[in-house]
Engineer: 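One structure follows; several queries about it will come next.
Here the structure is a predicted model, which is why all the values come from computation and not from measurement. Here, residue 1 is the first one in the sequence, and each next residue gets the next number. Below, all heavy atoms of this structure are taken into account, side chains as well, without hydrogens, waters or symmetry copies.
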Amino acid sequence: MKIVSWNCQGAFRKKYHILFERLVADVYIIQECEQPDNIVEKDFQTMVENFNYKWIGNDRRKGLAVFSRVPITFEEYPSHDLDYFIPFVIDNRRYFAVWAKAPYIGAMLTYFSVYEVLLDSSTVIIGDFNSNVIWDKKHGYRNHSLLNERLEKLGLVSIYHNIFRERHGEETLPTFFMSRHLDNTYHIDYAYASPNLVEDIIIGEPSKWLAYSDHVP
């Protein structure tokens, strides 16, 4: 199974065909996605009919969406004012789609502390975390390193860092380009899973994606 996560920076109705043509996948996790039911374009609505999907958000212009071509079960858990998490199950495996909004890493730690009972070595967590260990001091004790420690105890690691053998905070491939500039970059999008579950991870090339978003898939 192939999963794509992308913060599309809004206006997904204008970008979905590019994503689906370039990256054919079973599941798409889209941050800053418009509410699909409010998009009137016929082509978009025809596309949506080919997916099982769920969207959540407080602003119809920008929320979190999961589109699946394969059978999927969306789970419902109270988010305790942490709105941008979508848990779902495919083939008896639980996934968490993420768009971490303020307080960013604090929201992540709170959510996965509340629902730690649902996490194990078969879980996959994927999305825009809006976080990196380079900002650990800014966040005090509740920081990205703490999240790494808690997930690693469950057998979950950042697949990018595991495959590329890079240390957190020393990433050579960024996922976010501030104002779409090549000289102001960060690695803030992740997939956490057991290394045994994932064959590969690919970070999109900025030359192909910055025309559409400040993130690469």
Side-chain angles (χ1 to χ4, degrees), residues 1-102 104 107-108 110-120 122-130 156 159 175 188-193 197-198 212-213 215 217:
M1 184 169 65
K2 185 174 184 178
I3 302 175
V4 171
S5 176
W6 185 38
N7 185 319
C8 70
Q9 202 181 16
F12 188 58
R13 69 189 183 280
K14 299 179 180 179
K15 307 170 183 179
Y16 73 91
H17 59 287
I18 297 294
L19 181 67
F20 294 166
E21 289 172 6
R22 291 182 179 178
L23 297 176
V24 178
D26 300 291
V27 178
Y28 297 89
I29 297 169
I30 310 297
Q31 299 87 20
E32 297 195 30
C33 181
E34 302 156 286
Q35 186 176 14
D37 293 347
N38 282 341
I39 298 174
V40 298
E41 282 85 345
K42 184 177 180 180
D43 288 347
F44 186 89
Q45 291 301 329
T46 300
M47 178 278 295
V48 166
E49 292 176 358
N50 295 321
F51 290 90
N52 298 307
Y53 72 92
K54 181 180 178 68
W55 180 93
I56 58 173
N58 297 318
D59 182 343
R60 63 181 179 82
R61 297 169 298 177
K62 289 187 177 182
L64 174 65
V66 174
F67 298 92
S68 177
R69 300 184 194 272
V70 298
I72 186 172
T73 300
F74 292 106
E75 297 185 310
E76 299 288 344
Y77 299 113
S79 60
H80 302 275
D81 298 322
L82 304 171
D83 297 320
Y84 295 94
F85 298 85
I86 298 180
F88 59 93
V89 174
I90 297 175
D91 291 335
N92 297 316
R93 187 182 308 284
R94 178 173 286 113
Y95 299 79
F96 289 89
V98 173
W99 179 26
K101 299 198 68 177
Y104 303 117
M108 297 280 293
T110 298
Y111 186 87
F112 289 115
S113 292
V114 171
Y115 292 113
E116 185 174 359
V117 67
L118 301 176
L119 306 179
D120 58 33
S122 69
T123 305
V124 177
I125 303 171
I126 181 170
D128 178 1
F129 286 36
N130 268 312
L156 307 177
I159 296 302
T175 66
I188 61 174
D189 301 83
Y190 303 86
Y192 279 74
L197 294 180
V198 183
Y212 309 99
S213 175
H215 287 249

Engineer: Do you know the tightest heavy-atom contact between Ala193 and Ile159?
Structural biologist: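 Looking at all heavy atoms of both residues, the closest pair is O-CD1, 3.8 Å.
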Engineer: Measure the spacing between SG of Cys33 and OH of Tyr28 and express it to the nearest 0.5 Å.
Structural biologist: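 Cys33 atom SG to Tyr28 atom OH measures 13.0 Å (nearest 0.5 Å).
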Engineer: Taking the side chain as every heavy atom from C-beta outward, state whether Phe88 and Thr73 have any pair of such atoms under 4.5 Å apart.
Structural biologist: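 They are not in contact (no side-chain heavy atoms under 4.5 Å apart), so the answer is no.
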Engineer: Is it true that Lys54 and Glu76 have a side-chain N and a carboxylate O under 4.0 angstrom from each other?
Structural biologist: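 Salt bridge flag = yes for Glu76 with Lys54.
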Engineer: So for atom CG, which belongs to Asn38, do other residues, nucleotides or ligands contribute more than 12 heavy atoms lying within a distance under 6.0 Å?
Structural biologist: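 Yes, the 6.0 Å shell around CG holds more than 12 heavy atoms from other groups.
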Engineer: Hey, which of Ile126, Ile29, Leu19 is the one that makes side-chain contact (heavy atoms from CB on, under 4.5 Å) with Val4?
Structural biologist: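 The option that passes is Leu19.
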Engineer: With a 4.5 Å cut-off on side-chain heavy atoms, are Phe74 and Pro87 touching?
Structural biologist: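 No, every pair of side-chain atoms sits at 4.5 Å or beyond.
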Engineer: For the residue pair Tyr212 and Ile18, establish whether any side-chain heavy-atom pair is separated by less than 4.5 Å.
Structural biologist: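 With C-beta onward as the side chain, the pair touches.
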Engineer: If you apply the rule side-chain contact (heavy atoms from CB on, under 4.5 Å), what do you find for Tyr95 with Ile86, and how did you get there?
Structural biologist: CA-CA 8 Å; Tyr95 299 79; Ile86 298 180; over 6 Å; no
Engineer: Please step through side-chain contact (heavy atoms from CB on, under 4.5 Å) for the pair Tyr16 and Ile39, ending with a clear verdict.
Structural biologist: CA-CA 12 Å; Tyr16 73 91; Ile39 298 174; over 6 Å; no
Engineer: Would you please name every residue forming a ring-ring contact (aromatic ring centres under 6.0 Å, His included) with Phe112, sequence neighbours left out?
Structural biologist: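 Phe85, Phe96.
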Engineer: Does Trp55 offer a backbone N or O that forms a donor-acceptor pair with the side chain of Gln35 under 3.5 Å?
Structural biologist: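 No.
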Engineer: Check for me whether Arg69 meets the cation-pi criterion with Phe20, that is, NZ or CZ under 6.0 Å from the six-membered ring centre and within 45 degrees of the ring axis.
Structural biologist: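 Ring-cation test returns yes.
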Engineer: So, is the end of the Lys101 side chain (NZ or CZ) under 6.0 Å from the ring centre of Tyr84 and within 45° of the ring's axis?
Structural biologist: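 Positive - Lys101 is close enough to the ring of Tyr84 and near enough to its axis.
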Engineer: Going through the checks in order, is the side-chain contact (heavy atoms from CB on, under 4.5 Å) test met by Ile3 and Met1?
Structural biologist: CA-CA 7 Å; Ile3 302 175; Met1 184 169 65; 4.0 Å; yes
Engineer: Phe67: which residues meet the ring-ring contact (aromatic ring centres under 6.0 Å, His included) condition with it, sequence neighbours left out?
Structural biologist: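 For Phe67, the residues satisfying ring-ring contact (aromatic ring centres under 6.0 Å, His included) (neighbours in sequence not counted) are Phe12, Phe51, Tyr53.
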Engineer: Which value, rounded to the nearest 0.5 Å, describes the distance between Cys8 atom SG and Lys62 atom NZ?
Structural biologist: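 With rounding to 0.5 Å, SG (Cys8) is 8.5 Å from NZ (Lys62).
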Engineer: Between Asp26 (side chain only) and Val70 (backbone N and O only), is there a donor and an acceptor less than 3.5 Å apart?
Structural biologist: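 Absent.
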Engineer: I need the Ile30 CD1 to Lys15 NZ distance, nearest 0.5 Å.
Structural biologist: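 Here the rounded value is 10.5 Å.
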Engineer: Flag the pair Leu118 / Tyr115 as yes when at least one side-chain heavy-atom distance between them is below 4.5 Å, and no otherwise.
Structural biologist: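 Yes - at least one pair of side-chain heavy atoms lies under 4.5 Å apart.
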Engineer: Let me confirm one number: the OG1-CD distance from Thr46 to Glu41, rounded to the nearest 0.5 Å.
Structural biologist: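 Answer for the OG1-CD pair, Thr46 versus Glu41, is 11.5 Å.
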Engineer: To check you understand the geometry: which heavy-atom pair defines the closest contact between Asn130 and Ala100, and what is its length?
Structural biologist: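 Asn130 and Ala100 have their closest heavy atoms at ND2-O, 2.8 Å.
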Engineer: For Asp59, give me all partners under side chain to side chain donor-acceptor pair (under 3.5 Å), at least two apart in sequence or on another chain.
Structural biologist: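 Counting only residues at least two positions away or on another chain, Asp59 forms a side chain to side chain donor-acceptor pair (under 3.5 Å) with Arg61.
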Engineer: Could you measure the distance from the CG atom of Leu156 to the OG1 atom of Thr123? Nearest 0.5 Å is fine.
Structural biologist: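 That separation rounds to 6.0 Å.
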Engineer: Could you tell me whether the side chains of Glu32 and Asn7 share a donor-acceptor contact shorter than 3.5 Å?
Structural biologist: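 The answer is yes; a qualifying pair exists.
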Engineer: Report yes if some heavy atom in the side chain of Met108 is under 4.5 Å from a heavy atom in the side chain of Thr110; otherwise report no.
Structural biologist: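 The answer is no, as the side chains (C-beta and beyond) never meet within the 4.5 Å cut-off.
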Engineer: Begin with the C-alpha distance, continue with both residues' side-chain angles, and end with the deciding distance and a verdict on side-chain contact (heavy atoms from CB on, under 4.5 Å) for Leu197 and Arg93.
Structural biologist: CA-CA 11 Å; Leu197 294 180; Arg93 187 182 308 284; 3.3 Å; yes
Engineer: Under a 4.5 Å cut-off applied to non-hydrogen side-chain atoms, are Glu75 and Arg94 in contact?
Structural biologist: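 The answer is yes, as the side chains (C-beta and beyond) meet within the 4.5 Å cut-off.
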Engineer: If you measure from CG on Leu64 to OG on Ser5, what distance do you get to the nearest 0.5 Å?
Structural biologist: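 It comes to 8.5 Å.
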Engineer: Mark yes when over 12 heavy atoms from residues, nucleotides or ligands other than Lys14 sit less than 6.0 Å from its NZ; otherwise mark no.
Structural biologist: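 Not more than 12 within 6.0 Å, no.
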Engineer: With a 4.5 Å limit on heavy-atom distance, are the side chains of Ile188 and His215 in contact?
Structural biologist: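 A side-chain contact under 4.5 Å exists here.
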Engineer: Quick one: does Asp189's side chain get under 4.5 Å of Phe129's, heavy atoms only?
Structural biologist: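 Result no, sub-4.5 Å side-chain heavy-atom pair not found.
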